[in-house]
Structure formats: structure tokens, C-alpha cells
2 protein chains.
Amino acid sequence: MKKLMLSPPTLFRLTVCYQVTMRAGEAGFENISSAYLADFLKVDETLIRKDMSLVGIKGKPKVGYPTKQIISILEEIIGISQHTDGILIGCGSLGSALLRYSGFAKYGLRIAAAFDIDHTKVGQRIGDYLVLPIEKGKSIIETFKVQVAIFAVPAGTAQELADWVVKRGIKAIWNFAPVQLKVPKGIIVRNENLAVGLAQLIHQVHTLAAKPKSKPKLETRKK
Amino acid sequence: MKKLMLSPPTLFRLTVCYQVTMRAGEAGFENISSAYLADFLKVDETLIRKDMSLVGIKGKPKVGYPTKQIISILEEIIGISQHTDGILIGCGSLGSALLRYSGFAKYGLRIAAAFDIDHTKVGQRIGDYLVLPIEKGKSIIETFKVQVAIFAVPAGTAQELADWVVKRGIKAIWNFAPVQLKVPKGIIVRNENLAVGLAQLIHQVHTLAAKPKSKPKLETRKK
DNA sequence: TTTTGTGAAAATCTTCACAGCG
DNA sequence: CGCTGTGAAGATTTTCACAAAA
């Protein structure tokens with residue numbers, strides 16, 4: 001088993017490549033070129049080749065990279081081929097939407113249980129899950145050796161909850177609350193902060209509107 | 001009015017700083033230090049100071065940066081102080097959750113209307129919105145001069161829909177469908193791709209589990 | 001002749017070191 | 001001191017240029 005250290009940009013591109021390749025594979029493509037992948041990511045083709053060579057995906061000149069190889073190697077690299085257990089906390093509208101999202105299973109994430117503090121929500125059925133009271137969290141985390149907690153809670157409760165789950169042995173938090181969480185070293189947090197994403201989008205819209213004339217980097221032509 | 005070109009990393013940090021500062025402001029803080037902000041982002045303090053100086057936020061030694069100034073300048077820079085009109089397309093569980101999300105207004109984004117193709121959903125009320133048939137989209141985009149379209153549609157329909165809205169004059173797409181969209185030059189797309197986010201999280205969990213011994217960059221001590 | 005593979009150069013981003021000010 | 005401000009150095013990431021293979 002290889003132990004590669006991939007830089008964050010490379011890891012990001014590879015995960016996108018995986019997704020794009022999956023779709024292309026379903027559409028019947030047997031090979032994919034670096035140019036095709038690069039176009040989705042708006043990066044130079046060379047960069048894709050570097051990424052591929054880094055993880056040991058071998059292409060053939062004039063043909064491209066075999067779809068199957070991209071998929072199998074990236075599944076191994078990303079860690080999709082192993083199962084990961086998670087819980088979801090917060091069954092409001094966003095939490096419910098996430099529970100109904102079938103994509104988790106594709107990435108090896110199995111939701112062991114869904115929780116809420118609100119006792120009026122407890123006992124409800126959402127998608128395939130029964131909402132449990134948060135008090136049951138501790139034993140479930142321990143029983144299932146749950147590594148990942150998904151937070152779909154209000155901003156005000158997220159940090160407190162983070163401290164709580166970390167104390168109970170959670171290794172990673174996928175945070176959808178619009179706050180930047182702080183956790184001890186060694187704990188992984190991925191802040192899927194919609195507010196920050198929105199702010200960046202708004203900024204781009206306004207700067208585009210302000211100066212529609214400019215092509216700062218348009219020398220990416222054939223020659 | 002200044003016209004600054006901010007690099008993507010800087011813009012990202014500033015949007016996070018804005019959010020963190022808003023919360024700190026509500027909690028009563030009048031000044032914030034670069035160290036405090038840096039801790040949330042896990043970056044060096046110096047970098048925050050560079051970002052601040054870049055956009056003209058002036059701090060005072062021994063005191064920090066005035067909360068109010070951070071907020072007002074960043075609102076201007078990000079573009080929150082102006083209104084932006086948007087529409088949301090796709091009123092499934094994720095779309096519904098987004099419609100109920102009150103945070104859009106905080107960033108100046110006003111949802112003009114919500115759409116769906118599914119005629120059984122049309123006419124339903126979700127949050128403050130009435131779901132309209134997608135056919136009405138064209139006239140609404142033109143009437144309201146809508147610049148932003150939020151996609152909460154299945155993977156299979158997203159690209160086709162993107163072509164459609166672009167043709168009708170949309171300038172930016174905030175895409176929640178798990179596909180990487182391709183659009184003409186000049187159109188802004190922000191792929192809020194949960195599947196990619198999940199893949200990256202899974203990868204981190206597995207690499208952490210594999211080698212819990214390592215501190216590649218721990219020289220960030222005081223001295 | 002198209003597309004991969006890769007070392008060297010360029011660009012970008014981050015940290016260091018230290019000056020300055022309250 | 002404690003914290004901001006900034007030029008220079010360092011690290012990382014991307015692009016260029018071109019060799020090689022089918």
C-alpha cells in the first residue's frame with residue numbers, strides 16, 4: 001500500500017477528476033485525455049498529467065488515460081474503497097436534505113444514526129433514518145466507532161457541539177453551520193461554509209460587473 | 001471607489017474574517033487582533049495583517065483592528081452593501097432547505113423566485129416563496145435583471161439547465177448539483193460540490209488514521 | 001501528428017525578520 | 001512589552017518547453 005502525501009490542490013483536482021471520470025465512464029468513454037479533464041477545472045493540461053503521474057495513473061500517448069484505471073486508483077487513493085461510519089446531528093431542513101442525499105454511500109460513508117436536540121423531532125423518520133435524541137449519541141459513537149460527525153445545526157450551537165463530539169472520540173467534523181469551528185490538533189474539520197461561499201460569489205459578480213473588459217491570462221492559446 | 005484585485009486565497013480569508021468578526025462584534029468585542037483571526041484560519045498572523053493592509057483596514061499596535069472598520073470595509077469589498085437578485089431552481093429537499101436559509105439576505109442576495117420543472121411541486125409554498133413553473137423563468141430573469149441562479153437540481157439536468165439560464169442572461173451560477181459545470185467565458189460558476197467535499201474529508205480521515213505520528217510543520221512556536 | 005511525461009523556469013503564496021508605535 | 005506593518009527570503013504550485021511513444 002502506497003503512502004503518498006498529496007498537496008491540497010492536487011487532492012482537490014483528483015477528487016474532481018474522479019467525479020468527472022465517473023460520469024464519462026457511465027457515458028461510455030473508455031479513455032479520457034488530460035485536456036478533457038483540465039477543461040472542467042480550468043487549469044493547464046500539464047497539471048493534470050502531473051497529478052496523474054503522482055498517483056501512478058499511466059496514460060497512453062494519442063489515447064489518454066483508461067477510465068477504469070482512473071476510477072480504481074482514485075478510489076483507493078481517496079479512501080472510498082473502505083467504509084467510514086458517520087452520524088448526522090441536526091435534523092432541520094438542511095439536515096433532512098443531507099439525510100435524503102444518496103451520494104454518501106457512493107463515497108463509502110455510512111450514516112449510523114441521525115440526532116437532534118429538539119424532542120419534537122425525535123422519533124420522526126427522515127429518509128431511511130429515525131431521528132434519535134442527542135443523549136444517545138455517546139453510546140452510538142462508541143458502539144459503531146464512528147469517526148465522522150456531520151453538523152447541520154444552528155451557528156450558535158456548533159462550537160459547543162464540536163467540543164462535545166471531540167470529547168466522545170469523533171475524529172472528523174463535516175460542518176455545515178455558518179461558523180468557523182476550532183478544534184484540538186489532530187481533529188479534522190471541513191467547514192462547508194455556505195455563507196463564505198456566497199460571499200465569494202457575490203464578490204465575483206460585482207467585480208465582473210465593474211470591469212467586463214479584461215483577459216488577464218489569455219495566452220493559453222495553442223501557440 | 002477602489003478597484004483592487006484580490007487573489008483567491010486572500011478573498012477566501014477575508015470572507016472568513018468577515019464572518020468571524022461579525023460574531024465577535026455581536027459578542028461585544030470592539031477590537032480584534034490578527035492572532036485571533038489567524039487562529040480560526042490556521043494561518044500565520046502576518047498573513048492576516050497583509051490581507052488587512054491590502055484592503056485598507058488599519059489596526060493599532062497593542063489594540064488590534066476595530067471591529068466596525070473590518071465589517072464596514074469588508075462589506076464594501078465583498079459587495080454585500082449592494083443588492084444582488086437571484087433565483088433558485090430545483091425545489092427538492094436541498095432547494096427547500098436553501099429557501100429556508102435566512103443567511104442570503106445578510107449577504108445582499110434577494111431571491112426573486114423559486115422554480116421547479118416538476119408540476120406537482122409548482123404552486124407549493126416553501127418558506128416565503130411560491131414555487132413557479134420553470135417556464136416562467138425567462139420573463140422573471142429579464143424583469144428582475146436577475147444575475148445569479150442557484151441550482152439545486154439533479155446531476156443529470158444541471159448542465160442543460162446551465163446552458164439555458166446562460167442563454168437567458170444569467171451572469172453567475174451557484175451550483176449545488178454534484179457535477180462540474182462548463183459555461184462560456186465570462187460566466188461565473190461556483191461549484192458547491194458536496195461530493196467533492198466529502199471525498200476530501202474521507203481522504204483526510206483515512207490518511208490521519210494511517211499515520212497518526214507526524215507534525216510536518218510544527219515550528220510555528222513563539223520562538 | 002496527437003497526447004503523455006518531466007525537468008527547468010516562472011509565478012504565486014506564505015513565512016521570516018525586524019522596524020515602529022502606543 | 002504587545003501588536004501592527006512591510007520588505008526580503010522561502011516554500012509551494014503552476015506553466016513552459018520539449019522529449020518520447022503509439
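A quick note: this is a predicted structure, and the numbers were derived from the prediction, not measured. Below, each value reflects all heavy atoms present in this structure, side chains not excepted, and no hydrogens, waters or symmetry copies. Throughout, protein chains are lettered first and strands after them, A, B, ... in sequence-line order, and every chain is numbered starting at 1.
Taking atom CD1 on Ile48(A) and atom P on dT15(D), their separation rounds to 10 Å, with Å as the unit. Across the protein-nucleic acid pair, Glu45(B) atom CD and dT6(D) atom P stand 16 Å apart, rounded to whole Å. Across the protein-nucleic acid pair, Lys58(B) atom NZ and dG20(C) atom C1' stand 14 Å apart, rounded to whole Å. Protein atom CG of Asn31(A) is 18 Å distant from nucleotide atom P of dT2(C), rounded to whole Å. For Gln69(B) and dT4(D), the CD to C1' distance is 13 Å, given to the nearest whole Å. Across the protein-nucleic acid pair, Leu41(A) atom CG and dT14(D) atom C1' stand 14 Å apart, rounded to whole Å. Atom CG in Asp44(B) sits roughly 8 Å away from atom C1' in dT14(C) (whole-Å rounding). The nearest whole Å value for the distance from the CG atom in Leu54(B) to the P atom in dG7(D) is 12 Å.
In this model, the phosphate group of dG5(D) is not approached by any side-chain N or O of Arg49(B) to a distance below 4.0 Å at OP1 or OP2. A sub-4.0 Å separation between OP1 or OP2 of dT14(D) and a side-chain N or O of Arg13(A) is present. Listed pair Ser34(A) / dT3(C) fails the phosphate criterion, with no side-chain N or O lying under 4.0 Å from OP1 or OP2. An OP1 or OP2 oxygen of dT15(D) is reached within less than 4.0 angstrom by no side-chain nitrogen or oxygen of Thr46(A). One finds no side-chain N or O of Tyr36(B) lying less than 4.0 angstrom from the OP1 or OP2 phosphate oxygen of dG2(D).
Proximity note for Pro61(A) (side chain, C-beta onward) versus dA22(D), dT15(C), dC13(C): the nearest is dA22(D). In this structure, the nucleotide among dT6(C), dT4(C), dG2(D) sitting nearest to the side chain of Lys62(B) is dG2(D). Closest to the side chain of Leu47(B), from the set dT14(D), dA17(D), dT14(C), is dT14(C).
Figure legend: Lys138(B) and Phe115(B) shown without cation-pi pairing, the cationic atom not lying both under 6.0 angstrom from the six-membered ring centre and within 45 degrees of its axis.
Under 4.0 Å is where a charged nitrogen must lie from a carboxylate oxygen, and between Asp85(A) and Lys145(A) no such pair does.
DNA chain D is contacted by both Val63(A) and Lys50(B); Lys50(B) maps to the nucleotide lying nearer its 5′ end (nearest heavy atom per residue). Taking the nucleotide of DNA chain D with the nearest heavy atom to each of Asp51(A) and Gly59(B), the more 5' of the two is matched to Gly59(B).
In this structure, the side chains of Ile70(B) and Met52(B) come closer than 4.5 Å at one or more pairs of heavy atoms. Contact of the Glu45(B) side chain with the Asp39(B) side chain is not registered, since no non-hydrogen atoms from C-beta on lie closer than 4.5 Å.
The aromatic ring centres of Tyr101(A) and Phe104(A) sit less than 6.0 Å apart.
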